[in-house]
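The block underneath contains the structure these notes are about, expressed in structure tokens.
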Amino acid sequence: MGQFAVAEVGGSVRRKAPFFRLSPGGPVGKLAIIGCTLSRQYAPWHDPSWLILSHCSARQWCRREPNFYMDLHPRSCFTKHKAWNARYYDWLTTLQVPIFMQEEWPDIPMAIRYPKERILSEFRPYFTNHVAWMIALAMSEGVRTIGLFGCQYGAGTEYAVQRGSLEYWLGRFEQDGGRLVMPSKY
């Protein structure tokens, strides 16, 4: 695990909509979405104007504790052994950072129920990956800058089916006047 800077963790403020504010009642932050590919190294780790939202599988490469995690998989996917982390479920039960999940599970105190119904009432239902769901939520909350770091879906990989949805949501975000930040180097 990388070294994490001291950051606000837990509490109720980050667990209520709107989620992506820099402080209670403050401005909406820029949102860096972190995945597992190599471009994650270019994330704005030391810039406090960015909120960090990481997929749980990328935690080991985070250079600061993210403001949020995401795991929108069904419960069965995190209660059984994960190849990338044998103690994943135990970690979820002691996590001190809010995590977007399908439900607010009682055994995972920091779980935030992803507002799926709200998002589906606002947008076309074209979601094949976590990042697409997060972009839609960010748009819904007025985020104007999104950075993608470590979120490349290669055309020749198992993630190829997820790529079209990501491209769609990136296009929607830009069409809506949003600013995308993506490393030029992968």
Side-chain angles (χ1 to χ4, degrees), residues 2 19-20 28-45 47 50-63 66-78 80-85 88 92 97-103 111-186:
F19 301 104
F20 303 132
V28 174
K30 297 179 277 187
L31 186 64
I33 301 175
I34 311 297
C36 292
T37 64
L38 291 177
S39 69
R40 66 184 178 266
Q41 66 187 317
Y42 300 106
W45 299 112
D47 184 342
W50 285 85
L51 295 171
I52 304 288
L53 169 64
S54 176
H55 190 281
C56 293
S57 60
R59 181 182 190 268
Q60 64 183 324
W61 296 293
C62 290
R63 295 182 186 165
N67 301 90
F68 299 93
Y69 286 104
M70 60 181 155
D71 188 340
L72 299 176
H73 292 107
R75 184 175 178 83
S76 61
C77 288
F78 60 81
K80 60 185 176 182
H81 176 75
K82 286 275 200 187
W84 52 269
N85 187 337
Y88 181 59
L92 286 173
V97 174
I99 178 171
F100 290 102
M101 302 189 91
Q102 286 189 10
E103 297 293 336
I112 301 170
R113 184 179 185 281
Y114 182 87
K116 184 176 180 180
E117 294 79 11
R118 173 167 60 105
I119 297 305
L120 291 175
S121 73
E122 291 182 42
F123 300 108
R124 176 180 182 244
Y126 182 31
F127 299 96
T128 62
N129 59 75
H130 284 70
V131 177
W133 285 107
M134 292 304 141
I135 292 170
L137 179 59
M139 288 175 65
S140 177
E141 295 201 351
V143 172
R144 303 311 308 150
T145 302
I146 292 177
L148 292 186
F149 305 93
C151 299
Q152 289 73 39
Y153 294 117
T157 71
E158 65 181 286
Y159 300 107
V161 72
Q162 297 178 12
R163 186 177 179 145
S165 174
L166 176 59
E167 291 172 336
Y168 171 81
W169 284 100
L170 293 174
R172 286 281 310 258
F173 181 68
E174 282 192 313
Q175 183 181 31
D176 195 39
R179 177 176 165 252
L180 283 175
V181 176
M182 298 191 315
S184 58
K185 234 175 158 178
Y186 298 138

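Just so you know, these numbers come straight off a predicted model, no measurement behind them.
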Discussion item. Assess the residue pair Phe20 and Leu137 against the criterion (side-chain contact (heavy atoms from CB on, under 4.5 Å)); give the C-alpha distance rounded to whole Å, side-chain angles, the decisive distance to 0.1 Å, and a yes or no.
Written reply: CA-CA 9 Å; Phe20 303 132; Leu137 179 59; 3.8 Å; yes
Worksheet item: Where is the tightest heavy-atom contact between Gly29 and Val143, given as atom of each residue plus distance?
Response: O-CG1, 3.7 Å
Fill in: Test item: Asp176 side-chain N/O and Gly178 main-chain N/O as donor-acceptor pair under 3.5 Å
no
Fill in: Sub-4.5 Å side-chain heavy-atom contact between Arg63 and Gln41
yes
Fill in: From Met101 atom CE to Leu72 atom CG, the distance as rounded to the nearest 0.5 Å
8.5 Å
Fill in: Partners passing side-chain contact (heavy atoms from CB on, under 4.5 Å) against Glu167 (at least two apart in sequence or in another chain)
Arg163
Worksheet item: Would you say the side chain of Phe149 lies within less than 4.5 Å of the side chain of Val181, judging by non-hydrogen atoms?
Response: yes
Response to the item:
NE2 (His73) and CZ (Phe78) are apart, to the nearest 0.5 Å, by 11.0 Å
Discussion item. Could you check whether any side-chain heavy atom of Leu51 comes within less than 4.5 Å of a side-chain heavy atom of Val28, counting everything from C-beta outward?
Written reply: no
Discussion item. Any heavy-atom pair between the side chains of Leu38 and Arg40 that's under 4.5 Å?
Written reply: yes
Worksheet item: Partners of Glu103 by salt bridge (Lys or Arg N to Asp or Glu O under 4.0 Å), sequence neighbours excluded?
Response: Arg113
Worksheet item: Which heavy atom in Cys151 sits nearest to a heavy atom in Ser39, and how many Å separate them?
Response: N-OG, 4.3 Å
Worksheet entry | Gln175, CD: over 12 other non-hydrogen atoms inside 6.0 angstrom | no
Worksheet item: Parallel, tilted or perpendicular: which describes the rings of Phe127 and Trp133, with under 30° parallel and over 60° perpendicular?
Response: parallel
Fill in: Closest non-hydrogen atom pair, Leu31 against Leu53
CD1-CB, 3.9 Å
Practice prompt. For Arg144, enumerate each residue passing the side chain to side chain donor-acceptor pair (under 3.5 Å) test, keeping only those at least two apart in sequence or located in another chain.
Written response: none
Discussion item. I'd like to check Phe19 versus Asn67 (side-chain heavy atoms, cut-off strictly below 4.5 Å). Are they in contact?
Written reply: no
Worksheet entry | Rounded distance [0.5 Å steps], CZ in Phe100 versus SG in Cys56 | 12.0 Å
Worksheet item: What's the spacing between Phe173 CZ and Leu180 CG if we round to 0.5 Å?
Response: 6.0 Å
Worksheet entry | Taking every non-hydrogen atom, the tightest pair across Asp47 and Lys30 | OD2-NZ, 4.2 Å
Worksheet, complete the sentence: Residues at least two apart in sequence or cross-chain that pass side-chain contact (heavy atoms from CB on, under 4.5 Å) with Thr128, listed by chain then number, are Tyr126, Gln162, Ser165
Discussion item. How close do Phe123 and Ala136 get, counting heavy atoms only, and between which atoms?
Written reply: CE1-O, 3.4 Å
Worksheet item: How long is the gap from CE on Met139 to CH2 on Trp169, to the nearest 0.5 Å?
Response: 6.0 Å
Fill in: Which atom of Val97 lies closest to which atom of Pro66, heavy atoms considered
CG1-O, 3.3 Å
Fill in: Partners passing side chain to side chain donor-acceptor pair (under 3.5 Å) against Glu174 (at least two apart in sequence or in another chain)
none
Fill in: Pairwise distance CD1(Ile119) to CE(Met134) - rounded to 0.5 angstrom
9.0 Å
Worksheet item: Within a strict 4.5 Å, meaning less than it, do heavy atoms of the His130 and Asp71 side chains meet?
Response: yes
Worksheet item: Got Trp61 and Ser54 here, is their nearest side-chain heavy-atom distance under 4.5 Å?
Response: no
Worksheet entry | Listed partners of Trp45 passing ring pair (Phe, Tyr, Trp, His ring centres under 6.0 Å), at least two apart | none
